[in-house]
Structures are given as C-alpha cells and as structure tokens.
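Below, read A as the first sequence line, B as the second, and so on, with proteins coming before strands; counting in each chain starts at 1. Here the structure is a predicted model, which is why all the values come from computation and not from measurement.
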Amino acid sequence: MSTDGRHSTDNPFFGDNPQRAGRPVRVRIAPSPTGDPHVGTAYIALFNYVFARKHAGTFILRIEDTDQTRSTRASEDAILRALSWVGLQWDEGPDVGGPCAPYRQSERTEQYKQHAMALVERGAAYPCFATADELEAMRKEQIAAGKTPQYDRRYRSLPKDEAKARIERGDPYVIRLAMPLSGQTRFVDGLRGEIVIENATIDDQVLLKSDGFPTYHLANVVDDHMMGISHVIRAEEWIISTPKHIQLYQAFGWEPPQFLHMPLLRNPDKSKISKRKNPVSLDYYRDAGYFPEALLNFLALMGFAFGGDREKFTLREMIEVFDFAKVSPGEPVFDLQKLSWLNGLYLREMSDAELVERLRAWRLSDAYLLSLMKMLRERMERMDQFIPAASYFLTGDLDYSAPGLLDQLVPKGRDRSTTGQVLSQLCDHMEETIRGEWTHDAIEAACRSFCEKIGWKTKELFMPIRIAVTGRTASPGLFDTLSAVGKDLTRRRLRQAAQALLSMATPAAPSVQPASGTAAPAPGKAPPAPAGKAASAALAKPVAAPAAGRAENTEPKA
RNA sequence: GGCCCCAUAGUCUAGCGGUUAGGACGUCGGCCUCUCACGCCGAAAACGCGGGUUCAAGUCCCGCUGGGGUCACCA
C-alpha cells in the first residue's frame with residue numbers, strides 16, 4: 001500500500017523510471033475532430049510532448065474520428081494547424097505517417113471489428129440488440145425509481161446461438177463489454193497513486209456501435225496497444241473509464257500502459273473549461289494576438305512548477321527540468337489576465353523588427369489587408385481613415401463601456417436581459433449550424449435561420465450583432481464583416497456583449513472573466529476604461545429591474 | 001443521487017514534520033515620468049473544519065465540509 005502513493009520511487013512517470021523500464025517511451029495526443037481546436041488538447045499535448053522529449057521518446061498524433069456523425073475533415077485540419085501553430089511537433093501522425101499508420105481511426109475500422117469479435121469469442125464481450133428507444137425507456141424507469149441509470153445487462157445472458165441467429169437475420173446490434181460483476185479494478189495513476197474502483201459500479205460499455213465503428217474505449221485500447229503506447233497521459237475526466245480499459249487489456253492478454261490523468265482546466269467558477277464561460281478555441285488565442293510560445297508557457301504553469309520561482313521559460317527549458325513529480329493534481333483555473341501578462345513579457349523581450357514580423361504574420365498581412373480594402377474603401381476618402389475604420393478588424397476583445405453603447409444595442413421593445421440571452425444563443429446556434437467554412441453565406445444563413453427560430457425580425461437582430469462585433473452602429477455589410485473578423489473573435493465578442501448586457505440587467509450576477517488585451521476605442525470617444533471596469537461601471541447605474549432570484553451564472557440554460 | 005478525483009490568499013503555485021508559510025497574476029499605495037504603459041519599491045490577502053499520530057502537523061492518518069468529474073451506440 002505505502003508503495004502505491006504518488007511519491008513512490010516506483011512511479012513510472014517520475015525521474016528516470018520510464019527509461020529504466022526498458023520499454024521505449026511512446027505517448028500520444030488523440031484529439032477528436034468534432035469541433036474547434038481546443039485549448040485543453042494543447043494542454044494535454046504539451047505534457048505528452050514534454051514527457052516524450054524528456055525521455056527520448058516518441059510523440060504521436062492520432063485522430064479519433066470514430067464518431068461518424070460529428071467528425072469532420074475541416075475540424076481535423078484545424079486541429080492539426082492549431083497544434084502546429086502552438087509549436088508541438090509530432091513524430092508520427094496522419095500527415096507525416098509513421099510505422100503504425102494509418103493514424104486516423106476511421107481508417108482502421110477492420111482492426112476494431114476483429115478485436116471486438118475476438119472478445120465475443122472469449123466471452124469478454126457480447127452482442128446487445130437493445131434499441132436506442134428501449135434504452136431510453138429503461139433509463140427513464142430507473143430514474144423514476146430513484147436509481148442510477150445504468151444499462152441493465154439485459155442481453156448479457158442471451159444464448160450464443162440465439163444471438164448468432166439474430167445477427168444473421170440482420171438485426172442491428174452493438175457489442176458490449178462484459179464487465180466483471182464483482183471484485184474491483186485497481187490501477188496506479190501517475191499523479192494520484194493507486195485508484196480502486198468497484199467493478200459493479202461500471203456498466204457494460206458499448207465497444208462497437210451498430211454502425212460498425214468502435215467507441216473510444218475499444219479504439220483507444222486497441223490502438224494504444226498496436227502503436228506501442230507506453231504511457232497514457234490524458235485528462236482527468238477519463239479516470240472513471242480507466243477500469244474498462246484495464247479490463248480490455250486483460251481480456252486481450254495485453255500489458256496495459258501506465259496511466260496518468262492531468263487535472264482539468266477550469267472556468268473561473270471552477271467547472272470544467274467550456275466555451276460558454278471561457279474562450280476555448282486555440283484559434284481565438286491566435287486571433288486575439290497571443291504568442292504561441294506564451295500560451296504554451298502559460299499552459300505549462302497550469303500544474304507544473306518549474307522551480308526556483310521561475311515562471312517564464314521556453315519549451316526547451318521545460319523539457320530539461322521536467323518531471324511529473326513537479327506537477328500538482330490540483331484543479332487550475334485558466335486565468336486570462338495572467339496569460340496576458342505573460343504574453344506581455346514575451347512581447348517586450350522581442351526586438352522591434354521581430355515584433356513587426358509577428359504583426360505581419362498575424363493580421364497585418366497583405367492578404368488580410370486586401371480583404372479589408374474591399375469593404376472599407378467606399379467608406380474612406382483619405383488614407384488616414386483606414387486605421388480608424390479598420391480598428392475592430394485588428395483587435396481582440398472590444399470594450400462596450402462607451403456611454404449608451406449597449407443601450408443602442410437593445411432593440412426597441414426588447415430588454416437587455418432578453419437581448420443578452422439572444423446574443424448568447426446566437427453563438428450556440430452558429431456553432432450548431434456552421435459546420436464548415438466561416439463564410440459570408442454560411443453566416444447569413446445562420447443568422448437568418450436564427451431569427452426564424454426565435455421569432456425576431458432580421459432588422460431587430462442585425463444591429464445588436466453589429467454593435468457587439470464591431471463596437472459601432474455603422475459598419476460594412478454585416479456578414480462580410482463577421483466573416484473578416486473571424487469565427488472565434490466574432491463569437492467571443494457576442495458572448496462578451498451578452499455578458500455585459502446581462503450584468504447590467506441583473507446587478508447580482510457575478511461578473512465573469514474580464515476581457516483581456518486591449519479594447520478598441522471608438523474614434524472620438526473617451527479613452528477606454530480598463531476592460532474589467534466595464535461591468536462594475538454598469539453596476540453603478542441604477543437599474544430598474546430588480547434582482548429577482550440571484551443568477552448563479554449569466555448563461556441562459558438551454 | 002451512486003462512484004471517483006481534488007483541497008495553501010480572488011487566481012496560478014512553492015512547501016514533501018520544526019519556515020517570520022516563499023514567489024507570480026490581480027488588487028491597493030508609492031517611486032520614476034509631460035501622460036499612459038513599462039520598470040522599481042511597498043501593502044493587504046492563504047494553510048476549509050474536526051479528530052487523531054508525534055516532543056512538534058500546511059506537511060502523515062481518519063472523518064466531515066466544499067468544489068469538480070463521471071454515470072451515451074460523444075470523445
């Protein structure tokens with residue numbers, strides 16, 4: 001027992017142990033291409049990368065696109081691009097190849113199917129013919145009866161020949177893991193020591209879906225084994241499923257890798273980091289003017305202590321001193337202000353020439369300026385009007401504290417709170433409906449369908465969007481503007497404006513993370529208040545609406 | 001709710017039985033300065049609670065509390 005603690009000298013993640021174990025270090029980052037490149041992916045990738053480099057190991061990128069309904073190639077491309085931007089170079093992956101190719105799970109489906117069937121042969125898994133509706137009804141019953149919803153294993157004891165007959169008849173089915181009904185599964189987590197979980201509390205997970213694709217649980221185990229993954233470093237949310245994975249390794253007769261679960265990045269309210277409460281897309285950080293090396297440095301600070309009070313360090317330096325013994329299992333809140341500060345340190349260290357280069361690579365490229373010219377030239381008479389006219393294309397977060405600005409944003413006959421919620425819902429709607437490129441037409445379609453959905457006139461909705469995204473009442477065509485501002489900055493501004501409106505409407509609502517970076521002053525307006533002051537300034541104003549029922553958070557519940 | 005994880009200031013953290021509990025962001029004050037920013041100096045601010053173990057507990061053990069995660073044919 002006492003040897004199982006995280007400080008055990010046997011910890012396979014500490015010191016030089018990985019090398020001594022004789023097994024070459026091979027780690028992976030396995031993103032699912034179902035959305036924007038997530039900051040959490042970069043976070044986990046960073047620790048995998050550093051660990052690999054520290055121990056002369058291999059860092060692998062594997063695409064987990066087993067969810068056919070949600071995975072897109074656009075998302076995969078975006079993730080690869082973002083991970084490259086951030087500077088984490090993988091040794092094997094779908095784009096660079098490697099000895100374990102292919103690195104895209106959708107191209108390995110035969111593997112999973114065969115392995116699932118092998119498990120059925122051995123009695124470690126079984127076919128289940130329950131329909132989705134049937135399971136839904138079961139869950140409802142269980143909840144009504146006050147029980148924890150869990151698959152009741154209704155097909156586990158179906159005679160084999162009967163199952164075979166039904167499969168041959170063409171009945172849709174899934175393959176489920178036959179979890180042991182008693183006993184416990186234990187494993188050592190690199191950060192926390194031994195974790196013991198009762199088998200009875202874990203249900204018979206689906207391994208192979210009825211569409212023939214594997215679930216994460218199967219695919220991940222098969223691939224990790226086939227790819228020789230020695231250490232699985234992943235997010236804390238996987239702890240509970242680890243016993244399922246261990247059971248799978250045992251059923252296959254394979255040696256499981258070592259596990260280590262990194263703490264989850266948090267919103268300011270301590271919940272798991274999410275796009276409603278914190279910018280989460282790596283593209284946001286890029287577009288808002290953060291340097292990739294600063295972001296990486298900051299991500300490293302989320303749990304890792306360099307030593308000697310050092311907070312600013314390069315990837316190279318981090319690798320030199322890295323040890324998981326210096327990583328704490330706490331639950332770090334992602335603090336945009338500190339990230340900004342750190343970024344400023346990097347910025348001030350750069351030469352003027354380099355900074356100019358960085359700006360060019362960012363938004364002052366010819367291509368981007370050219371795209372702005374199309375929109376802005378009709379509105380200009382002299383060149384000196386370009387910069388003021390283009391300001392909101394070249395900034396990150398805006399400042400909405402200009403007197404009366406937000407009230408102009410609220411359509412006649414609507415109130416602040418409703419408008420705030422509408423803007424926030426618009427973000428969700430955009431995320432749901434714009435799956436591909438962020439183009440004029442896609443944005444227009446999303447905005448118009450949203451109007452229909454909520455019963456607002458386009459006229460009512462478009463001005464609030466314009467003000468939220470540009471900070472002004474006048475701009476080039478709305479969809480061209482949003483398109484040029486970009487997906488992530490647009491959504492961020494919509495959420496920020498929504499937030500500002502809601503905090504004006506309900507004084508009791510806690511203010512969320514203040515905007516970071518610079519605010520874009522409207523030309524001719526007073527100097528911008530520090531972004532964080534916007535909310536409190538608003539609070540100071542007497543607001544007619546009483547704070548009925550303290551809002552726990554300012555997000556509308558779906 | 002069941003199960004699991006976590007717990008030093010508002011936030012990120014150092015601490016691995018004996019410290020005036022250290023650093024950083026943020027906040028506040030001052031210096032620098034034509035302003036702002038940077039920089040510098042300073043201040044306020046933390047061991048969640050209760051039991052043990054020990055000469056000695058932020059550090060070890062147990063309980064509680066609090067927070068989080070998870071309970072999908074998503075990952």
Point to revise | Rounded distance in Å - CZ (A/Phe298) to P (B/rA24) | key: 17 Å
Review point. Taking the P atom of each, how far is B/rG66 from B/rG22, in whole Å?
Key: 31 Å
Check your understanding: Counting any heavy atom closer than 4.0 Å, what does A/Ala130 reach on the DNA or RNA strands: base, sugar-phosphate only, or nothing?
Key -> base
Point to revise | Charged tip of A/Arg166 within 45° of A/Phe129 ring normal and under 6.0 Å | key: yes
Point to revise | A/Arg104 bridged to A/Glu107 by N-O distance under 4.0 Å | key: yes
**Study point:** N/O (side chain, A/Arg176) to phosphate O (OP1/OP2, B/rC73) under 4.0 Å
**Key:** yes
Point to revise | Per-nucleotide protein contact string for nucleotides 39-46 of chain B, where B marks a base within reach and S marks sugar-phosphate only (heavy atoms under 4.0 Å, - for neither) | key: S-------
Exercise for review: Searching all strands shown, indicate the nucleotide that pairs with B/rA56 (Watson-Crick or G-U wobble; both distances under 3.5 Å).
Suggested key: none
**Study point:** Atom-pair distance (CZ on A/Phe306; C1' on B/rA24), nearest Å
**Key:** 15 Å
Review point. What one-letter contact string describes nucleotides 63-69 of chain B from 5' to 3', where B marks a base within less than 4.0 Å of any protein heavy atom, S marks contact via sugar-phosphate atoms alone, and - marks no contact?
Key: ----BSB
Point to revise | SB check A/Arg491 A/Asp36 (cutoff 4.0 Å) | key: yes
Practice item. Nearest whole angstrom, please: distance from the P of B/rG10 to the CD of A/Gln337. Key: 15 Å
Revision key, fill the gap. The answer to which of A/Arg310 and A/Gln105 contacts RNA chain B further toward the 5' end, by nearest nucleotide, is A/Arg310
Exercise for review: Taking atom P in both B/rG26 and B/rC61, compute the distance separating them and give it to the nearest angstrom.
Suggested key: 36 Å
Point to revise | Whole angstrom value for the distance that separates C1' of B/rU13 from CG of A/Leu339 | key: 17 Å
Check your understanding: Which of these nucleotides, B/rC12, B/rC4, B/rA75, is closest to any side-chain atom of A/Ile195?
Key -> B/rC4
Check your understanding: Going by distance alone, is a donor N or O of one side chain under 3.5 Å from an acceptor N or O of the other, for A/Arg234 and A/His261?
Key -> yes
Review point. When we call it a touch if two heavy atoms are under 4.0 Å apart, what does A/Val174 touch: a base, just sugar-phosphate, or nothing?
Key: base
Check your understanding: Across the strands shown, which category fits A/Pro214 at heavy-atom distances under 4.0 angstrom: base, sugar-phosphate, nothing?
Key -> sugar-phosphate
**Study point:** Between P of B/rC25 and CG of A/Leu299, the distance in whole Å
**Key:** 19 Å
Point to revise | Mate of B/rA7 where both pairing distances stay under 3.5 Å, Watson-Crick or G-U | key: B/rU65
Check your understanding: Once you round it to whole Å, what is the distance between P of B/rG2 and OH of A/Tyr151?
Key -> 25 Å
Review point. Taking the six-membered ring for Trp, are A/Phe313 and A/Phe304 parallel (under 30°), tilted (30 to 60°) or perpendicular (over 60°)?
Key: perpendicular
**Study point:** Watson-Crick or G-U counterpart of B/rG1, or none if no pair lies under 3.5 Å
**Key:** B/rC71
Review point. Base, sugar-phosphate, or nothing: which does A/Gly308 touch, judged by heavy atoms less than 4.0 Å apart?
Key: nothing
Point to revise | Short side-chain N/O contact from A/Thr66 to OP1 or OP2 of B/rA75, under 4.0 Å | key: yes
Check your understanding: Where the side chain of A/Lys209 is defined as all heavy atoms beyond and including C-beta, which of B/rC74, B/rC6, B/rG22 is the nearest nucleotide?
Key -> B/rC74
Review point. Is the distance between the ring centroids of A/Phe13 and A/His231 under 6.0 Å?
Key: yes
Point to revise | Separation of the C1' atoms in B/rA72 and B/rG67, to the nearest angstrom | key: 25 Å
Review point. Would A/Arg28 count as a cation-pi partner of A/Phe59, with NZ or CZ less than 6.0 Å from the six-membered ring centre and within 45° of the ring normal?
Key: no
Check your understanding: What do you reckon, are the aromatic ring centroids of A/His115 and A/Phe252 less than 6.0 Å apart?
Key -> yes
Review point. Out of A/Arg62, A/Arg26, A/His245, which one pairs with A/Asp224 under the side chain to side chain donor-acceptor pair (under 3.5 Å) rule?
Key: A/Arg62
Check your understanding: Which nucleotide, B/rA14, B/rG23, B/rA72, lies nearest any side-chain atom of A/Lys338?
Key -> B/rG23
Practice item. Identify the two heavy atoms, one from A/Arg70 and one from A/Asp67, that lie closest to each other, and give their separation to 0.1 Å. Key: NE-OD2, 3.0 Å
Revision key, fill the gap. Across every strand shown, the nucleotide meeting Watson-Crick or G-U wobble geometry with B/rC34 (both distances under 3.5 Å) is none
Exercise for review: Could you give the distance separating B/rC74 and B/rC25 at their C1' atoms, to the nearest angstrom?
Suggested key: 36 Å
Practice item. Determine: side-chain N/O of A/Lys312 to OP1/OP2 of B/rC25, distance under 4.0 Å, yes or no. Key: no
Check your understanding: Is any N or O donor-acceptor pair between the side chain of A/Thr148 and the base of B/rC71 shorter than 3.5 Å?
Key -> no
Practice item. For B/rG10 versus B/rC47, give the span between their P atoms, rounded off to a whole number of Å. Key: 9 Å
Point to revise | Pairwise P distance for B/rG30 and B/rC36, with rounding to whole Å | key: 12 Å
Exercise for review: Report the nucleotide, chosen from B/rC74, B/rA14, B/rA72, that has the shortest atom-to-atom distance to any side-chain atom of A/Arg70.
Suggested key: B/rC74
**Study point:** Touch class at under 4.0 angstrom, heavy-atom based, for A/Gln150 against every strand present
**Key:** nothing
Study note, to complete from the structure: RNA chain B nearest-nucleotide lookup for A/Asp203 and A/Val196: closer to the 5′ end is A/Val196
Review point. Which of these nucleotides, B/rA75, B/rC73, B/rC12, is closest to any side-chain atom of A/Asp67?
Key: B/rA75
Practice item. Name the closest nucleotide to the A/Thr215 side chain, picking from B/rU11, B/rA72, B/rA75. Key: B/rA75
Check your understanding: Say you pick atom P in B/rC4 and the same atom in B/rG39; how far apart are they, in whole Å?
Key -> 47 Å
Review point. For the residue pair A/Phe298 and A/Phe334, does the interplanar ring angle fall in the parallel (under 30°), tilted (30 to 60°) or perpendicular (over 60°) class?
Key: perpendicular
Practice item. Identify the heavy atoms of A/Tyr112 and A/Pro214 that sit nearest to each other, and give their distance. Key: CD1-CG, 3.2 Å
**Study point:** Any strand: nucleotide that pairs with B/rA43 via Watson-Crick or wobble, under 3.5 Å
**Key:** B/rU27
Practice item. Remember a base hit wins even if backbone is also touched, and classify A/Thr34 as base, sugar-phosphate or nothing at under 4.0 Å, heavy atoms. Key: nothing
Point to revise | Mutual orientation of the aromatic rings belonging to A/Trp238 and A/Tyr216 [parallel < 30°, tilted 30-60°, perpendicular > 60°] | key: parallel
Exercise for review: Let me know the distance between NZ of A/Lys275 and C1' of B/rC74, rounded to the nearest Å.
Suggested key: 12 Å
Point to revise | Distance, C1' atom - from B/rG42 to B/rU35, rounded to whole angstrom | key: 24 Å
Study note, to complete from the structure: Separation of B/rC25 atom C1' from A/Asn343 atom CG, nearest Å, is 14 Å
